[in-house]
Amino acid sequence: QVQLVESGGGLVQPGGSLRLACAASERIFSINAMGWYRQAPGKQRELVATITSRGATNYADSVEGRFTISIGNAKNTVYLQMNGLKPEDTAVYYCNAQRIATTFADVVKDRYIAEVWGQGTLVTVSS
């Protein structure tokens, strides 16, 4: 079973930067899209940013211009560069991947994993 492992969370002062990384636990043949979501205490999980396999990106209005999502050279890795962090960015950040094929045979047989979530990494923005 494919797993997603996030890293890079931590404590940062307002105005600071962090880079989150998310990698799949095994070799992946294709992923339709990957993204980052976050959940602050007492709030629902919300979209932060997504990126398709072709590089099309989408950002929440609250992070547009401050955060950048990108795919690593290994297509099973996604990054979130977060600049100009604000206290309201404090949350657990979750990585998500959709429509995953681990082998070419899976593509031929139309056998995809619909969706996988990471375990989350905590980002705290505080002075």
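This one's a predicted model, so the numbers in the text were calculated from it and none came from an experiment.
Here the side chains of Ile31 and Gln98 are not in contact, with every heavy-atom distance at 4.5 Å or above. Within the 4.5 Å cutoff, side-chain heavy atoms of Ser30 are placed close to those of Val107. Contact check for Asn58 versus Leu47: side-chain heavy atoms found under the 4.5 Å cut-off.
For Arg66, the salt bridge (Lys or Arg N to Asp or Glu O under 4.0 Å) partners at least two apart in sequence or on another chain are Asp89. By the side chain to side chain donor-acceptor pair (under 3.5 Å) test, Arg45 is found to be paired with no residue, residues two or more places apart in sequence or in another chain being considered. Judged as a side chain to side chain donor-acceptor pair (under 3.5 Å), and not counting sequence neighbours, the contacts of Gln81 are Asn83. Residues meeting the side chain to side chain contact (heavy atoms under 4.5 Å, CB included) test with Val5, sequence neighbours left out: none. Scanning for ring pair (Phe, Tyr, Trp, His ring centres under 6.0 Å) contacts around Tyr37 gives Trp117, with sequence neighbours left out.
When only modelled atom types and interatomic distance are considered, Gln39 and Gln44 share no side-chain donor-acceptor pair under 3.5 Å.
With a 6.0 Å radius and a threshold of 12 heavy atoms from other residues, nucleotides or ligands, Glu26 has its CD atom above the threshold. Residue Glu46 qualifies as enclosed at atom CD: its count of foreign heavy atoms under 6.0 Å is above 12.
Pairs of residues two or more places apart, or lying in two chains, that qualify as salt bridge (charged side-chain N to carboxylate O under 4.0 Å, His left out) and include a residue from residues 109-123 are Arg99-Asp110, Asp106-Arg111.
Residues Ala21 and Trp36 share a closest heavy-atom pair of O-CH2, 3.6 Å.
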